[in-house]
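Numbered from 1 within each chain, the chains take letters A, B, ... in sequence-line order.
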Amino acid sequence: QWFRHPETNEAWTNYTLCAFSTNEKAKLKSVYILFYMAIVGHALSIASLLISLTIFFSFRSLSCQRITLHKNLFCSYVLNSALTIISLVAVVNNPEVVSKNPVGCKVLHFFHMYMLGCNYFWMLCEGIYLHTLIVVAVFAEEQHLHWYYLLGWGFPLIPASIHAVARKKYFDDNCWMSVETHLLYAVHGPIVAALLVNLFFLLNIIRVLVTKLRDTHQAESNMYMKAVRATLILVPLLGIQFVIFPWRPENRLAGEVYEYIMHILMHYQGLLVATIFCFFNGEVQAALKRQWTQYKTQWGQRRKDHCSMRSTSYTATSISEVPTFMYHHDCNSEHLNGRHAEDSERVALKSGETYA
Amino acid sequence: MGSQTGAALHKHTLLWFIVAMKCVSALGCGPHYEYAIEEFCLAKFRLDMQELDQRQWCSWEDTVEIYGDLTNCTYLVALKMECFWPNRLVDEFFIRVHKRYFHDCSLSGRLLRDPPNHILGPFIVVPILVTLLMTALVVWRSKRSEGIM
């Protein structure tokens with residue numbers, strides 16, 4: 001017996017509950033907030049990363065192999081953020097493009113997956129470099145970076161291509177926008193594997209440093225520990241989004257909080273990387289301070305030149321008194337290899353033992 | 001072109017028919033409604049589907065407009081006959097349409113699904129293994145370039 005409409009007594013089903021509910025408007029608003037948050041996050045990331053890159057490129061004194069790896073990492077983050085902004089604005093916000101389904105948006109998605117892989121594989125390169133430096137061979141020559149470039153720029157093409165092929169054959173939705181498919185794990189799986197390997201290497205480094213702390217070379221362990229600290233903070237932060245991703249809570253409020261946290265973790269990564277690797281770097285801060293004092297004394301000199309000529313001798317001596325030795329956090333190990341060592345620590349290390 | 005004039009003709013006949021039906025009975029939601037949608041909506045649908053190749057019947061992109069027209073047509077007839085829409089007769093009508101035209105479409109034809117596990121598995125496991133191999137290769141090569149093995 002079918003349900004009957006209360007008034008006309010016809011056979012009828014009440015579909016009004018499926019209609020647009022008041023909850024929808026709030027949900028739509030929160031989706032838009034998250035969208036703009038993502039764009040702001042990536043824009044801030046690009047800005048901070050470009051500032052960091054200018055710092056790294058303009059201060060020649062900073063450059064060493066580790067900083068080269070940082071530069072490549074920052075480049076990949078900039079490209080990733082740029083591609084994300086383009087795809088968010090041009091594809092996600094644009095249902096006409098999605099329904100027309102041009103090939104371009106799938107190509108964009110492929111490059112997006114490639115850049116995402118590049119980010120995490122460059123982090124892995126940083127970890128492998130530190131591991132090779134500290135655990136495997138401390139006193140050797142500078143490493144050849146070719147294999148790192150291959151792993152960081154070349155290898156991510158493979159998971160991205162596999163994902164593209166699988167998506168085209170088995171889940172060819174419009175613009176490949178859907179996240180409901182397990183084929184995404186073809187890209188996310190290798191990324192998680194890279195993060196786990198990275199974490200393993202970093203923990204191994206910590207183990208080596210801590211066990212060697214009992215020996216006489218406590219100072220060097222301290223130095224290396226500071227170099228490793230930044231990477232060790234970043235790897236879990238980058239990885240945690242993959243751990244909590246499957247656990248979306250059912251509760252509405254907790255679900256919203258989850259969404260906001262996930263968005264911050266995913267879209268503000270570039271800013272985080274730039275801050276931890278560049279702005280919080282002691283060496284960079286020292287270099288910037290020196291540059292600032294140089295500018296101040298130069299301006300002072302110009303003003304004094306306007307006023308009188310006797311102060312030129314003062315300013316000359318003050319410039320030469322700016323400290324010439326730098327406490328290298330990151331690049332110390334390279335300077336140990338065949339360069340002149342004036343520090344007592346370096347002298348001690350040269351005469352001392354090897355690690356691992 | 002022919003279908004457009006045919007559609008216009010259909011519309012006129014429909015309106016005249018509805019007016020006539022309203023004079024005959026106040027309640028148009030019984031067999032009269034069923035007759036109306038079969039006569040007008042289904043006829044057009046049949047013509048449109050015949051124009052398509054039979055192999056394209058299961059393709060959503062090719063049939064979505066025709067299907068949408070059919071749905072709209074049943075809605076308009078219901079409006080004109082002052083029936084509530086959707087109703088049981090429309091449901092049964094569509095079940096018949098599906099039985100006739102879409103009975104042999106695959107389940108994944110209109111809904112995207114993941115491939116079965118024996119295909120999905122390799123697509124996930126192979127990149128992970130290649131990643132681990134490549135990492136091991138890079139670690140080994142950087143060790144070798146140090147001269148320490």
So, the part of A:I128 with a heavy atom under 4.5 Å from chain B: the answer is side chain
B:L89 versus chain A, the contacting section by heavy-atom distance below 4.5 Å | neither
Atom NE2 in A:H182, atom CG in B:N117: separation rounded to 0.5 Å?
-> 9.0 Å
Reported OG1-to-CG distance for the pair B:T131 and A:L151, which is rounded to 0.5 angstrom = 9.0 Å
Return yes when atom CZ of A:F111 has more than 12 non-hydrogen atoms of other residues, nucleotides or ligands closer than 6.0 Å, and no otherwise.
-> no
Atom CD1 of B:I119 with >12 non-hydrogen neighbours under 6.0 angstrom = yes
Report yes if some heavy atom in the side chain of A:F201 is under 4.5 Å from a heavy atom in the side chain of B:V139; otherwise report no.
-> yes
Does CZ in B:F93 sit with more than 12 non-hydrogen atoms of other residues, nucleotides or ligands closer than 6.0 Å?
-> yes
Which atom of A:A186 lies closest to which atom of B:I124, heavy atoms considered = N-CG1, 4.3 Å
Tell me, out of A:V197, A:L183, A:I158, who's got the most heavy-atom pairs with chain B below 4.5 Å.
-> A:L183
Calculate, to the nearest 0.5 Å, the distance between atoms OG1 and CG belonging to B:T135 and A:N198 respectively.
-> 9.5 Å
To the nearest 0.5 angstrom, please state how far the CH2 atom of A:W147 sits from the CH2 atom of B:W140.
-> 8.0 Å
Atom group of B:L132 that falls short of 4.5 Å from chain A, counting heavy atoms | side chain
Calculate, to the nearest 0.5 Å, the distance between atoms CZ and NZ belonging to B:F123 and A:K169 respectively.
-> 6.5 Å
Among the listed options A:G189, A:A194, A:S178, the residue most often paired with chain B at heavy-atom distances under 4.5 Å = A:G189
Yes or no on side-chain contact (heavy atoms from CB on, under 4.5 Å) for A:Y148 and B:V138, after CA distance, side-chain angles and deciding distance?
-> CA-CA 7 Å; A:Y148 294 109; B:V138 173; 4.3 Å; yes
Interface moiety of A:F155 toward chain B, non-hydrogen atoms closer than 4.5 Å | side chain
Which value, rounded to the nearest 0.5 Å, describes the distance between A:L150 atom CG and B:M134 atom CE?
-> 4.0 Å
Contact class of A:L124 relative to chain B, heavy atoms under 4.5 angstrom = side chain
Around B:F94, counting heavy atoms of other residues, nucleotides and ligands shown, do more than 12 lie under 6.0 Å from its CZ?
-> yes
Closest non-hydrogen atoms of A:A193 and B:I128, given as atom of the first, atom of the second and distance, are CB-CG2, 4.2 Å
Side chain, backbone, both or neither: which part of B:L129 has a heavy atom under 4.5 Å from chain A?
-> neither
